[in-house]
Q: 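Below is one structure. I have some questions about it.
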Amino acid sequence: MRRNVQAGLLVLCGAAVLRISLFSEVYLRYVKASLRPYLILSGGLLITLGLLGAVAAWTASRKPQETKHEHEHEHEHEHESTNHGHGHDHTSGPRVGWLLAIPAAALLLFPPPALGSYSAEREEAARIAQRVGTFDALPAGDPVDLTLNQFTSRAVYDSGGSMTGRAVRLTGFVTRDPDGTWYATRLQISCCAADSRPIKVAIRDAPAPPPGTWVTITGTWHPKGTPGTDEAWPPTLDATTVKRVPQPESPYENW
């Protein structure tokens, strides 16, 4: 019976991993897209091990019963262990193993949301260490779709002013400062959600939607300060339109 429980836990954990990686895009809330094959492989391996364990347990249950001598010897050993209060049952395993079922079931049935405004507001945006210089020209046609990282890099470090006079379009969720300044924000990850850091673009000339709302903003870069200095931070956009949108399937930006 104990082996059946262990096998069941392995299958449950594997099903939870496949639920978020193979049958949905939920895994993007936690890790980069490039890690999907490894998640699928891990989930399949856990299910395989669980099924093999269940087959082994069923096979063992079909074997002939122990001889009378073996049974009596085992019973005597268990009786002595109980009397002395320090015996060991090597077949049961620690009961705390049941706790593994809780996060696996939660992930299978109620996957948690992606990190959002709360995570972004807990710490200041760390600036990317780059040298000031010129950037390639933006593609023809307005508005130009840019990630927040692309916009931030050009706004703060581009000495050539490649975004001057160009309409750009950004997507992020809303965060706010106590002074009323609001930002289009995105969390950037290098591997998984645990190493995320926020990227923010200050928005001007538009009322702020509720914090956590995902928006697509069209506008123009608001130049300020000398590239690479504190005066150039935070990068700012003069908004012409602000449109509420659903959370993207991949809510994070990658390094």
Side-chain angles (χ1 to χ4, degrees), residues 32 114-191 193-245 247-248 250-255:
K32 296 171 63 173
L115 300 179
S117 58
Y118 174 74
S119 299
E121 291 169 354
R122 286 194 309 171
E123 57 184 271
E124 292 295 326
R127 302 186 188 180
I128 305 172
Q130 322 181 26
R131 294 181 179 177
V132 174
T134 58
F135 285 61
D136 293 337
L138 292 175
D142 285 343
V144 179
D145 287 303
L146 296 177
T147 66
L148 295 191
N149 186 43
Q150 290 169 339
F151 180 87
T152 298
S153 298
R154 289 175 181 268
V156 178
Y157 300 106
D158 183 12
S159 59
S162 60
M163 294 193 298
T164 302
R166 299 295 305 273
V168 299
R169 185 161 50 210
L170 311 175
T171 297
F173 58 85
V174 176
T175 57
R176 300 185 66 172
D177 278 347
D179 63 5
T181 303
W182 71 279
Y183 304 87
T185 306
R186 206 78 178 253
L187 292 171
Q188 187 179 53
I189 63 175
S190 60
C191 176
D195 60 23
S196 64
R197 71 174 189 86
I199 303 174
K200 297 181 179 181
V201 174
I203 306 301
R204 292 168 23 111
D205 302 332
T213 304
W214 280 86
V215 292
T216 292
I217 307 161
T218 302
T220 55
W221 171 47
H222 182 84
K224 58 180 185 178
T226 303
T229 65
D230 290 340
E231 290 73 23
W233 192 269
T236 304
L237 184 76
D238 293 329
T240 55
T241 62
V242 177
K243 179 182 178 182
R244 298 192 185 194
V245 296
Q247 175 182 293
S250 180
Y252 306 125
E253 290 188 5
N254 297 328
W255 283 96

Q: First locate atom CE of M163, then atom CZ of F151, and finally report the distance between them rounded to the nearest 0.5 Å.
A: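 Reported to 0.5 Å precision, the distance equals 4.0 Å.
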
Q: Can you list every side-chain hydrogen bond (donor to acceptor under 3.5 Å, both in side chains) pair that touches residues 158-168, not counting sequence neighbours?
A: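 Checked against side-chain hydrogen bond (donor to acceptor under 3.5 Å, both in side chains) - neighbours excluded - the pairs reaching residues 158-168 are D142-R166, R154-S162, D158-S162.
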
Q: Could you tell me whether the side chains of N149 and T147 share a donor-acceptor contact shorter than 3.5 Å?
A: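 There is no such pair (donor and acceptor under 3.5 Å, judged by atom type) between the side chains of N149 and T147.
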
Q: Give me the atom names and distance for the closest heavy-atom approach of P235 to V156.
A: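 Of all heavy-atom pairs spanning P235 and V156, the closest is CD-CG2, 4.1 Å.
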
Q: Distance check, rounded to the nearest 0.5 Å: T171 atom OG1 versus Q247 atom CD?
A: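 Rounded to the nearest 0.5 Å, the OG1-CD separation comes to 12.0 Å.
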
Q: So does P248 get a backbone contact from the side chain of S250, meaning a donor-acceptor N/O pair under 3.5 Å?
A: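 Checked: no pair found.
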
Q: Where is the tightest heavy-atom contact between I199 and L148, given as atom of each residue plus distance?
A: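 In this case the closest contact between I199 and L148 is O-CD1, 3.7 Å.
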
Q: In Å, rounded to the nearest 0.5 Å, how long is the span from CD of Q150 to CG of L170?
A: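 It comes to 9.5 Å.
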
Q: Check A184 against I217 and note the closest heavy-atom contact, atom names and distance.
A: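 Minimum heavy-atom separation between A184 and I217: CB-CD1, 3.7 Å.
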
Q: Give the intermediate values and the outcome of side-chain contact (heavy atoms from CB on, under 4.5 Å) for residues T216 and R169.
A: CA-CA 7 Å; T216 292; R169 185 161 50 210; 3.4 Å; yes

Q: Please confirm whether the backbone N or O of T181 pairs with a side-chain atom of D179, one donor and one acceptor, at under 3.5 Å?
A: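 Looks like yes, one N/O pair under 3.5 Å.
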
Q: Looking only at heavy atoms, which two atoms of A206 and V242 are closest? And how far apart?
A: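 Closest heavy-atom pair between A206 and V242: CB-CG2, 3.7 Å.
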
Q: Taking atom CD of E253 and atom CZ of R186, what is their separation to the nearest 0.5 Å?
A: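 So the CD of E253 and the CZ of R186 are separated by 5.0 Å.
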
Q: What distance separates L146 CG from L138 CG, expressed to the nearest 0.5 Å?
A: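 Nearest 0.5 Å value for the CG-CG distance: 6.0 Å.
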
Q: Begin from the C-alpha positions of T220 and V168 and carry the test side-chain contact (heavy atoms from CB on, under 4.5 Å) through to its verdict.
A: CA-CA 6 Å; T220 55; V168 299; over 6 Å; no

Q: Under the side-chain contact (heavy atoms from CB on, under 4.5 Å) rule, what do I203 and Y183 come out as? Steps first, then yes or no, please.
A: CA-CA 6 Å; I203 306 301; Y183 304 87; 5.7 Å; no

Q: Decide whether T175 and T185 meet the rule of one side-chain donor and one side-chain acceptor closer than 3.5 Å.
A: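 Per modelled atom types, T175 and T185 side chains form a pair under 3.5 Å.
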
Q: Taking all non-hydrogen atoms of both residues, which atom of V174 and which atom of P209 are closest, and how far apart?
A: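 For V174 versus P209, the nearest heavy atoms are CG1-O, 3.5 Å.
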
Q: Measure the spacing between OG1 of T240 and CG of D238 and express it to the nearest 0.5 Å.
A: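 Result: 9.5 Å between the selected atoms.
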
Q: Which heavy atom in W214 sits nearest to a heavy atom in F173, and how many Å separate them?
A: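 Heavy-atom minimum between the residues: CZ2-CD2, 3.6 Å.
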
Q: How far apart are the C-alpha atoms of K224 and W233, what are their side-chain angles, what is the distance that settles it, and do they pass the side-chain contact (heavy atoms from CB on, under 4.5 Å) test?
A: CA-CA 8 Å; K224 58 180 185 178; W233 192 269; over 6 Å; no

